[in-house]
Chemist: 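This is the structure I want to talk about, given as C-alpha coordinates.
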Amino acid sequence: MTPSRRALGAVTATAVTALALAGCVAKTDVAAADALTVDSGDDTCEVSAATATSGTLAFDVTNSSSQITEFYLLASDGLRIVGEVENIAPGASRTLTVVAQPGDYFTLCKPGMIGEGVGRAAFSVTGDAVAVDGPDAEQKQQAVDLYAAFVKDQVGQLLPAVQTFAAAYEAGQDDEARTQFPQVRAFYERIEPVAESLGDLDPRIDYREVDAVAEGLDWTGFHRIEKDLWVPAQDALNADDVTPAWQDWAPSTTEQRAAFGAQLVADVQELYDYVHSEDFQTALDEQGIGGISNGAIGLLDEVATGKITGEEDWWSGTDLWDFAANVEGSKMAFSLVQDFASSKGDDQKELVAEIEAGYADLEQALAEFGSLDDGFVNYRELTDADKRELTDLINALAEPLSQLTSTILEQ
(Lines give C-alpha, C1' and ligand atoms only; values in the text may rest on other atoms or scores of the structure.)
Protein backbone atom coordinates (compact mmCIF):
# COMPACT_ATOMS: atom_id res chain seq x y z
CA MET A 1 0.00 0.00 0.00
CA THR A 2 0.99 3.62 -0.22
CA PRO A 3 0.97 5.53 3.08
CA SER A 4 -2.30 7.39 2.63
CA ARG A 5 -5.90 7.35 3.81
CA ARG A 6 -8.82 7.09 1.44
CA ALA A 7 -12.56 7.45 1.71
CA LEU A 8 -14.36 4.28 2.60
CA GLY A 9 -16.15 2.79 -0.35
CA ALA A 10 -13.37 1.92 -2.73
CA VAL A 11 -14.38 -1.20 -4.54
CA THR A 12 -17.46 -3.08 -5.44
CA ALA A 13 -18.53 -6.09 -7.27
CA THR A 14 -21.74 -5.44 -9.05
CA ALA A 15 -22.66 -3.78 -12.28
CA VAL A 16 -26.03 -2.07 -12.18
CA THR A 17 -26.52 -3.41 -15.69
CA ALA A 18 -26.81 -6.84 -14.16
CA LEU A 19 -29.67 -6.24 -11.84
CA ALA A 20 -31.93 -4.08 -9.81
CA LEU A 21 -33.02 -5.07 -6.35
CA ALA A 22 -36.60 -5.08 -5.20
CA GLY A 23 -37.73 -1.47 -5.00
CA CYS A 24 -36.29 -0.52 -8.38
CA VAL A 25 -39.15 -1.08 -10.77
CA ALA A 26 -38.87 -3.48 -13.69
CA LYS A 27 -41.35 -4.29 -16.41
CA THR A 28 -42.05 -7.66 -14.86
CA ASP A 29 -42.97 -8.46 -11.29
CA VAL A 30 -42.11 -11.18 -8.83
CA ALA A 31 -45.40 -12.97 -9.29
CA ALA A 32 -44.65 -13.44 -12.97
CA ALA A 33 -41.13 -14.70 -12.44
CA ASP A 34 -40.12 -18.33 -12.76
CA ALA A 35 -40.16 -20.12 -9.41
CA LEU A 36 -36.62 -21.00 -8.36
CA THR A 37 -35.70 -22.93 -5.24
CA VAL A 38 -32.29 -23.36 -3.66
CA ASP A 39 -31.20 -26.00 -1.17
CA SER A 40 -28.03 -24.98 0.67
CA GLY A 41 -26.34 -27.99 2.22
CA ASP A 42 -23.06 -28.43 4.06
CA ASP A 43 -21.21 -29.06 0.80
CA THR A 44 -23.86 -28.55 -1.89
CA CYS A 45 -25.87 -25.73 -3.43
CA GLU A 46 -28.73 -27.14 -5.49
CA VAL A 47 -30.73 -24.71 -7.63
CA SER A 48 -33.94 -25.98 -9.19
CA ALA A 49 -33.06 -24.67 -12.65
CA ALA A 50 -29.95 -23.53 -14.49
CA THR A 51 -31.76 -21.08 -16.77
CA ALA A 52 -34.42 -18.39 -16.47
CA THR A 53 -36.02 -15.65 -18.51
CA SER A 54 -34.94 -12.06 -17.94
CA GLY A 55 -36.95 -10.03 -15.46
CA THR A 56 -37.59 -10.30 -11.77
CA LEU A 57 -36.30 -13.58 -10.35
CA ALA A 58 -36.99 -14.89 -6.87
CA PHE A 59 -34.63 -17.50 -5.37
CA ASP A 60 -36.27 -19.20 -2.39
CA VAL A 61 -33.28 -20.42 -0.37
CA THR A 62 -33.66 -23.13 2.27
CA ASN A 63 -30.73 -23.91 4.55
CA SER A 64 -30.44 -27.66 5.09
CA SER A 65 -26.87 -27.39 6.35
CA SER A 66 -25.66 -27.37 9.94
CA GLN A 67 -24.31 -23.79 9.70
CA ILE A 68 -25.61 -20.30 8.98
CA THR A 69 -25.35 -19.88 5.22
CA GLU A 70 -25.46 -17.37 2.37
CA PHE A 71 -26.57 -17.59 -1.26
CA TYR A 72 -25.02 -15.60 -4.10
CA LEU A 73 -25.85 -14.86 -7.71
CA LEU A 74 -22.55 -13.91 -9.33
CA ALA A 75 -21.81 -12.23 -12.65
CA SER A 76 -20.09 -14.03 -15.53
CA ASP A 77 -16.60 -13.33 -14.15
CA GLY A 78 -17.47 -15.34 -11.04
CA LEU A 79 -16.48 -12.41 -8.86
CA ARG A 80 -19.00 -9.60 -9.09
CA ILE A 81 -22.02 -10.05 -6.87
CA VAL A 82 -25.34 -9.56 -8.63
CA GLY A 83 -27.37 -10.36 -5.55
CA GLU A 84 -26.97 -12.11 -2.22
CA VAL A 85 -28.95 -13.16 0.80
CA GLU A 86 -27.13 -13.86 4.06
CA ASN A 87 -27.54 -15.00 7.66
CA ILE A 88 -29.86 -17.90 6.82
CA ALA A 89 -30.02 -20.06 9.93
CA PRO A 90 -30.11 -23.88 9.73
CA GLY A 91 -33.63 -24.94 8.81
CA ALA A 92 -34.65 -21.40 7.86
CA SER A 93 -35.55 -19.95 4.48
CA ARG A 94 -34.90 -16.57 2.87
CA THR A 95 -35.74 -15.15 -0.58
CA LEU A 96 -33.37 -13.31 -2.89
CA THR A 97 -35.18 -11.15 -5.45
CA VAL A 98 -33.30 -9.59 -8.36
CA VAL A 99 -34.14 -8.12 -11.74
CA ALA A 100 -31.80 -10.12 -13.96
CA GLN A 101 -30.72 -8.99 -17.42
CA PRO A 102 -29.85 -11.50 -20.16
CA GLY A 103 -26.42 -13.02 -19.67
CA ASP A 104 -24.32 -15.68 -17.96
CA TYR A 105 -24.10 -15.97 -14.19
CA PHE A 106 -23.06 -18.34 -11.42
CA THR A 107 -24.89 -19.50 -8.30
CA LEU A 108 -23.05 -20.26 -5.09
CA CYS A 109 -23.76 -21.08 -1.44
CA LYS A 110 -21.46 -20.30 1.46
CA PRO A 111 -22.07 -22.44 4.58
CA GLY A 112 -20.46 -20.77 7.56
CA MET A 113 -20.39 -17.50 5.58
CA ILE A 114 -16.64 -17.80 5.00
CA GLY A 115 -14.30 -19.12 2.33
CA GLU A 116 -14.92 -19.68 -1.36
CA GLY A 117 -18.30 -21.33 -0.94
CA VAL A 118 -19.68 -24.57 -2.35
CA GLY A 119 -21.73 -25.77 -5.29
CA ARG A 120 -20.72 -23.05 -7.78
CA ALA A 121 -22.79 -23.66 -10.92
CA ALA A 122 -23.45 -21.88 -14.20
CA PHE A 123 -26.76 -20.04 -14.49
CA SER A 124 -27.99 -18.33 -17.65
CA VAL A 125 -30.68 -15.73 -18.28
CA THR A 126 -32.26 -15.45 -21.71
CA GLY A 127 -34.77 -13.06 -23.24
CA ASP A 128 -34.84 -9.31 -23.78
CA ALA A 129 -33.15 -6.59 -21.75
CA VAL A 130 -35.34 -5.29 -18.95
CA ALA A 131 -35.83 -1.56 -18.52
CA VAL A 132 -34.99 -0.48 -15.01
CA ASP A 133 -36.11 2.78 -13.49
CA GLY A 134 -36.97 4.07 -10.06
CA PRO A 135 -36.19 6.85 -7.63
CA ASP A 136 -32.54 7.85 -7.53
CA ALA A 137 -32.38 7.28 -3.80
CA GLU A 138 -33.33 3.64 -4.17
CA GLN A 139 -30.83 3.04 -6.95
CA LYS A 140 -28.06 4.70 -4.96
CA GLN A 141 -28.80 2.66 -1.85
CA GLN A 142 -28.84 -0.48 -3.97
CA ALA A 143 -25.29 0.28 -5.08
CA VAL A 144 -24.17 0.84 -1.50
CA ASP A 145 -25.76 -2.38 -0.26
CA LEU A 146 -24.18 -4.45 -3.00
CA TYR A 147 -20.81 -2.88 -2.38
CA ALA A 148 -21.13 -3.96 1.23
CA ALA A 149 -21.95 -7.49 0.08
CA PHE A 150 -18.84 -7.57 -2.10
CA VAL A 151 -16.55 -6.41 0.67
CA LYS A 152 -17.93 -9.06 3.02
CA ASP A 153 -17.38 -11.71 0.35
CA GLN A 154 -13.78 -10.67 -0.32
CA VAL A 155 -12.86 -10.48 3.36
CA GLY A 156 -14.67 -13.78 3.90
CA GLN A 157 -12.29 -15.35 1.39
CA LEU A 158 -9.27 -13.40 2.64
CA LEU A 159 -9.49 -14.66 6.22
CA PRO A 160 -9.14 -18.43 5.58
CA ALA A 161 -6.58 -17.77 2.84
CA VAL A 162 -4.47 -15.76 5.29
CA GLN A 163 -4.80 -18.48 7.90
CA THR A 164 -3.47 -21.07 5.44
CA PHE A 165 -0.71 -18.75 4.26
CA ALA A 166 0.38 -17.90 7.80
CA ALA A 167 0.45 -21.57 8.77
CA ALA A 168 2.78 -22.37 5.88
CA TYR A 169 5.05 -19.44 6.75
CA GLU A 170 5.19 -20.34 10.44
CA ALA A 171 5.99 -23.96 9.59
CA GLY A 172 8.90 -22.96 7.35
CA GLN A 173 7.13 -24.19 4.21
CA ASP A 174 8.52 -21.28 2.26
CA ASP A 175 7.93 -22.58 -1.27
CA GLU A 176 4.24 -23.01 -0.49
CA ALA A 177 4.03 -19.65 1.25
CA ARG A 178 5.74 -17.91 -1.68
CA THR A 179 3.20 -19.39 -4.07
CA GLN A 180 0.29 -18.27 -1.89
CA PHE A 181 1.59 -14.76 -1.17
CA PRO A 182 0.35 -12.91 -4.31
CA GLN A 183 -2.82 -14.97 -4.52
CA VAL A 184 -3.88 -14.15 -0.95
CA ARG A 185 -3.07 -10.49 -1.39
CA ALA A 186 -5.49 -10.15 -4.33
CA PHE A 187 -8.47 -10.40 -1.96
CA TYR A 188 -7.00 -7.61 0.15
CA GLU A 189 -5.97 -5.36 -2.74
CA ARG A 190 -9.54 -5.27 -4.09
CA ILE A 191 -10.87 -3.85 -0.82
CA GLU A 192 -7.76 -2.28 0.74
CA PRO A 193 -9.22 1.21 1.32
CA VAL A 194 -11.70 -0.30 3.77
CA ALA A 195 -8.77 -1.18 6.02
CA GLU A 196 -7.11 2.16 5.25
CA SER A 197 -10.08 3.92 6.82
CA LEU A 198 -9.58 2.13 10.15
CA GLY A 199 -6.68 3.96 11.74
CA ASP A 200 -3.62 1.74 12.08
CA LEU A 201 -5.16 -1.47 10.73
CA ASP A 202 -3.83 -1.14 7.18
CA PRO A 203 -0.34 -0.16 8.41
CA ARG A 204 -0.32 -3.30 10.54
CA ILE A 205 -1.40 -5.44 7.61
CA ASP A 206 0.29 -3.88 4.60
CA TYR A 207 2.95 -1.24 5.32
CA ARG A 208 6.29 -1.47 3.57
CA GLU A 209 9.36 -1.39 5.77
CA VAL A 210 10.43 2.10 4.72
CA ASP A 211 6.98 3.50 5.57
CA ALA A 212 6.82 1.82 8.97
CA VAL A 213 10.30 3.04 9.88
CA ALA A 214 9.52 6.57 8.68
CA GLU A 215 6.44 6.70 10.91
CA GLY A 216 8.04 4.98 13.90
CA LEU A 217 5.69 1.98 13.74
CA ASP A 218 6.31 -1.67 14.48
CA TRP A 219 6.72 -3.36 11.12
CA THR A 220 4.34 -6.31 10.75
CA GLY A 221 2.05 -7.79 8.13
CA PHE A 222 2.36 -9.06 4.59
CA HIS A 223 5.57 -7.25 3.68
CA ARG A 224 7.38 -8.23 6.90
CA ILE A 225 6.63 -11.82 5.98
CA GLU A 226 7.53 -11.19 2.33
CA LYS A 227 11.09 -10.22 3.27
CA ASP A 228 11.49 -13.48 5.21
CA LEU A 229 10.27 -15.45 2.20
CA TRP A 230 12.48 -13.65 -0.30
CA VAL A 231 15.63 -12.98 1.74
CA PRO A 232 17.55 -10.12 0.10
CA ALA A 233 21.18 -10.25 -0.87
CA GLN A 234 23.64 -8.84 1.66
CA ASP A 235 24.30 -5.78 -0.53
CA ALA A 236 20.64 -5.15 -1.47
CA LEU A 237 18.83 -1.88 -0.76
CA ASN A 238 15.34 -1.31 0.57
CA ALA A 239 12.53 0.18 -1.53
CA ASP A 240 13.91 3.69 -0.94
CA ASP A 241 17.05 2.68 -2.88
CA VAL A 242 19.09 4.13 -0.03
CA THR A 243 18.73 2.05 3.14
CA PRO A 244 20.68 -1.22 3.24
CA ALA A 245 18.29 -4.18 3.28
CA TRP A 246 20.00 -5.72 6.32
CA GLN A 247 20.07 -2.54 8.38
CA ASP A 248 18.21 -3.25 11.63
CA TRP A 249 16.80 -6.43 10.08
CA ALA A 250 17.57 -10.14 10.11
CA PRO A 251 15.54 -13.19 9.00
CA SER A 252 12.92 -14.05 11.59
CA THR A 253 13.42 -16.85 14.05
CA THR A 254 10.83 -19.60 14.37
CA GLU A 255 9.35 -17.80 17.37
CA GLN A 256 9.22 -14.50 15.49
CA ARG A 257 7.56 -16.15 12.51
CA ALA A 258 4.88 -17.52 14.82
CA ALA A 259 4.28 -14.04 16.20
CA PHE A 260 4.15 -12.32 12.80
CA GLY A 261 1.85 -14.99 11.39
CA ALA A 262 -0.50 -14.80 14.36
CA GLN A 263 -0.56 -11.00 14.19
CA LEU A 264 -1.52 -11.01 10.52
CA VAL A 265 -4.35 -13.46 11.15
CA ALA A 266 -5.57 -11.39 14.10
CA ASP A 267 -5.51 -8.18 12.08
CA VAL A 268 -7.45 -9.73 9.21
CA GLN A 269 -9.92 -11.14 11.75
CA GLU A 270 -10.40 -7.58 13.01
CA LEU A 271 -11.11 -6.46 9.45
CA TYR A 272 -13.58 -9.34 9.04
CA ASP A 273 -15.38 -8.40 12.25
CA TYR A 274 -15.63 -4.77 11.18
CA VAL A 275 -17.12 -5.39 7.75
CA HIS A 276 -19.77 -7.59 9.37
CA SER A 277 -20.72 -4.89 11.86
CA GLU A 278 -23.42 -2.22 11.83
CA ASP A 279 -20.68 0.42 11.95
CA PHE A 280 -19.49 -0.63 8.50
CA GLN A 281 -22.94 -0.37 6.94
CA THR A 282 -23.51 2.97 8.64
CA ALA A 283 -20.22 4.32 7.26
CA LEU A 284 -21.18 3.22 3.76
CA ASP A 285 -24.65 4.70 4.03
CA GLU A 286 -23.20 8.02 5.12
CA GLN A 287 -20.75 8.22 2.23
CA GLY A 288 -23.24 6.90 -0.30
CA ILE A 289 -22.66 6.36 -3.98
CA GLY A 290 -20.06 9.11 -4.12
CA GLY A 291 -17.81 7.06 -1.86
CA ILE A 292 -17.99 4.14 -4.27
CA SER A 293 -17.10 6.35 -7.21
CA ASN A 294 -14.22 7.92 -5.30
CA GLY A 295 -13.05 4.43 -4.45
CA ALA A 296 -12.70 3.56 -8.13
CA ILE A 297 -10.38 6.54 -8.45
CA GLY A 298 -8.55 5.71 -5.21
CA LEU A 299 -7.67 2.19 -6.28
CA LEU A 300 -6.33 3.46 -9.59
CA ASP A 301 -4.20 5.90 -7.58
CA GLU A 302 -2.83 2.89 -5.70
CA VAL A 303 -1.60 1.51 -9.01
CA ALA A 304 -0.09 4.81 -10.11
CA THR A 305 1.74 5.58 -6.86
CA GLY A 306 2.92 2.14 -5.78
CA LYS A 307 2.48 -0.76 -8.15
CA ILE A 308 3.72 0.85 -11.35
CA THR A 309 6.98 1.79 -9.61
CA GLY A 310 7.64 -1.74 -8.39
CA GLU A 311 7.94 -0.53 -4.79
CA GLU A 312 5.00 -2.43 -3.30
CA ASP A 313 6.32 -5.99 -3.42
CA TRP A 314 9.98 -5.02 -3.42
CA TRP A 315 11.41 -8.43 -2.53
CA SER A 316 9.03 -10.81 -4.30
CA GLY A 317 8.50 -8.86 -7.54
CA THR A 318 4.80 -9.78 -7.44
CA ASP A 319 3.60 -6.20 -8.01
CA LEU A 320 1.60 -7.12 -11.12
CA TRP A 321 -0.73 -9.30 -9.03
CA ASP A 322 -1.45 -6.27 -6.83
CA PHE A 323 -1.69 -4.08 -9.93
CA ALA A 324 -4.30 -6.35 -11.49
CA ALA A 325 -6.33 -6.67 -8.29
CA ASN A 326 -6.39 -2.88 -7.80
CA VAL A 327 -7.55 -2.37 -11.39
CA GLU A 328 -10.14 -5.10 -10.98
CA GLY A 329 -11.45 -3.49 -7.82
CA SER A 330 -11.51 -0.06 -9.45
CA LYS A 331 -13.41 -1.38 -12.45
CA MET A 332 -15.92 -3.09 -10.19
CA ALA A 333 -16.57 0.16 -8.35
CA PHE A 334 -17.08 1.93 -11.65
CA SER A 335 -19.39 -0.80 -12.91
CA LEU A 336 -21.70 -0.26 -9.98
CA VAL A 337 -22.34 3.39 -10.82
CA GLN A 338 -21.89 3.43 -14.59
CA ASP A 339 -25.53 2.86 -15.53
CA PHE A 340 -26.66 5.48 -13.05
CA ALA A 341 -24.26 7.97 -14.63
CA SER A 342 -25.22 7.02 -18.20
CA SER A 343 -28.88 7.58 -17.51
CA LYS A 344 -28.32 11.27 -16.78
CA GLY A 345 -27.66 12.51 -20.31
CA ASP A 346 -25.60 12.21 -23.47
CA ASP A 347 -22.51 13.87 -22.01
CA GLN A 348 -22.49 11.43 -19.11
CA LYS A 349 -23.05 8.53 -21.47
CA GLU A 350 -19.99 9.60 -23.47
CA LEU A 351 -17.97 9.86 -20.28
CA VAL A 352 -18.92 6.33 -19.28
CA ALA A 353 -17.99 5.02 -22.74
CA GLU A 354 -14.59 6.71 -22.49
CA ILE A 355 -13.98 5.13 -19.09
CA GLU A 356 -15.03 1.69 -20.35
CA ALA A 357 -12.59 2.00 -23.24
CA GLY A 358 -9.84 3.05 -20.82
CA TYR A 359 -10.31 -0.02 -18.67
CA ALA A 360 -10.33 -2.27 -21.75
CA ASP A 361 -7.06 -0.80 -23.03
CA LEU A 362 -5.38 -1.12 -19.64
CA GLU A 363 -6.56 -4.70 -19.15
CA GLN A 364 -5.38 -5.66 -22.62
CA ALA A 365 -1.91 -4.28 -21.96
CA LEU A 366 -1.71 -5.96 -18.56
CA ALA A 367 -2.77 -9.30 -20.05
CA GLU A 368 0.47 -9.37 -22.05
CA PHE A 369 2.27 -10.13 -18.80
CA GLY A 370 -0.12 -12.75 -17.37
CA SER A 371 -3.29 -12.92 -15.27
CA LEU A 372 -4.43 -13.36 -11.69
CA ASP A 373 -5.51 -16.93 -12.48
CA ASP A 374 -2.34 -18.06 -14.27
CA GLY A 375 0.18 -15.75 -12.67
CA PHE A 376 2.27 -12.82 -13.88
CA VAL A 377 5.89 -12.36 -14.82
CA ASN A 378 8.15 -10.94 -12.14
CA TYR A 379 7.93 -7.17 -12.15
CA ARG A 380 11.66 -6.91 -12.77
CA GLU A 381 11.13 -8.40 -16.24
CA LEU A 382 9.23 -5.31 -17.40
CA THR A 383 11.22 -2.89 -19.53
CA ASP A 384 11.12 0.86 -19.12
CA ALA A 385 9.01 0.97 -22.27
CA ASP A 386 6.53 -1.50 -20.72
CA LYS A 387 6.24 0.66 -17.62
CA ARG A 388 5.77 3.83 -19.68
CA GLU A 389 2.97 2.20 -21.68
CA LEU A 390 1.15 1.09 -18.53
CA THR A 391 1.65 4.51 -16.96
CA ASP A 392 0.22 6.25 -20.03
CA LEU A 393 -2.81 3.97 -19.99
CA ILE A 394 -3.40 4.60 -16.27
CA ASN A 395 -3.22 8.35 -16.83
CA ALA A 396 -5.56 8.14 -19.82
CA LEU A 397 -8.12 6.29 -17.71
CA ALA A 398 -7.67 8.43 -14.60
CA GLU A 399 -8.63 11.66 -16.34
CA PRO A 400 -12.23 10.75 -17.28
CA LEU A 401 -12.63 8.61 -14.17
CA SER A 402 -11.86 11.66 -12.03
CA GLN A 403 -14.98 13.31 -13.44
CA LEU A 404 -17.28 10.44 -12.45
CA THR A 405 -18.03 11.40 -8.85
CA SER A 406 -19.13 14.92 -9.70
CA THR A 407 -21.24 13.52 -12.53
CA ILE A 408 -23.27 11.23 -10.28
CA LEU A 409 -23.49 13.67 -7.36
CA GLU A 410 -24.63 16.66 -9.44
CA GLN A 411 -27.61 14.81 -10.86
Chemist: Quick check on the 6.0 Å ring-centre criterion: do F181 and W321 meet it?
Modeler: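 Judged by ring-centre distance (under 6.0 Å), F181 and W321 do not meet the cut-off.
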
Chemist: Of the non-hydrogen atoms in A212 and Y207, which two are nearest, and what is the gap between them?
Modeler: N-CD2, 3.7 Å

Chemist: Would E176 and Y169 count as having a side-chain donor-acceptor pair, cut-off 3.5 Å?
Modeler: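 No, Y169 and E176 have no side-chain donor paired with an acceptor closer than 3.5 Å.
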
Chemist: Please name the residue in the list T37, T95, L73 that meets the side chain to side chain contact (heavy atoms under 4.5 Å, CB included) test with F59.
Modeler: L73

Chemist: Decide whether D285 and T282 meet the rule of one side-chain donor and one side-chain acceptor closer than 3.5 Å.
Modeler: no

Chemist: Hey, could you give me the CD/CZ distance between E226 and R208, rounded to the nearest 0.5 Å?
Modeler: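 One gets 11.0 Å once the value is rounded to the nearest 0.5 Å.
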
Chemist: One pair to check against salt bridge (Lys or Arg N to Asp or Glu O under 4.0 Å): K110 and E116. What are the steps and the verdict?
Modeler: CA-CA 7 Å; K110 192 174 290 188; E116 295 182 351; over 6 Å; no

Chemist: Applying side chain to side chain donor-acceptor pair (under 3.5 Å), run through E189 and N326 and close with a yes or a no.
Modeler: CA-CA 6 Å; E189 290 295 328; N326 280 158; 3.1 Å; yes

Chemist: Sequence neighbours left out, what passes side chain to side chain donor-acceptor pair (under 3.5 Å) with S402? Give chain and number order.
Modeler: none

Chemist: State plainly whether the residues R224 and E209 are in salt-bridge range, i.e. N to O under 4.0 Å.
Modeler: no

Chemist: Can a cation-pi geometry be assigned to K152 and F150, taking NZ or CZ under 6.0 Å from the six-membered ring centre and within 45° of the ring axis?
Modeler: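 Relative to the ring axis of F150, which defines the angle, K152 lies outside at least one limit.
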
Chemist: Going by atom types alone, do Q263 and D267 pair a side-chain donor with an acceptor below 3.5 Å?
Modeler: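 A pair is found: one side chain offers a donor N or O, the other an acceptor, under 3.5 Å apart.
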
Chemist: Atom CD of E86 and atom CG of L96: how far apart are they, to the nearest 0.5 Å?
Modeler: 11.0 Å

Chemist: Once rounded to the nearest 0.5 Å, what's the spacing between atom CG of D77 and atom CZ of F106?
Modeler: 8.5 Å

Chemist: Please find out if less than 6.0 Å separates the ring center of F280 from that of Y274.
Modeler: yes

Chemist: Determine, for F71 and R94, whether the Lys NZ or Arg CZ falls below 6.0 Å from the six-membered ring centre while staying within 45 degrees of the axis.
Modeler: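 Judged by the rule (NZ or CZ under 6.0 Å from the ring centre, within 45° of its axis), R94 is not positioned above F71.
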
Chemist: Return yes if a side-chain donor-acceptor contact under 3.5 Å exists between D39 and T62, otherwise no.
Modeler: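 The criterion, which ignores hydrogens and geometry beyond distance, is not satisfied for T62 and D39.
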
Chemist: So that I can tick it off, tell me whether D313 and R185 are bridged by a salt bridge, with the cut-off set at under 4.0 angstrom between side-chain N and carboxylate O.
Modeler: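 Yes, charged N to carboxylate O under 4.0 Å.
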
Chemist: Taking atom types as modelled, find out whether S252 and D228 have a side-chain donor-acceptor pair closer than 3.5 angstrom.
Modeler: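 On atom types as modelled, these side chains qualify, holding a pair under 3.5 Å.
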
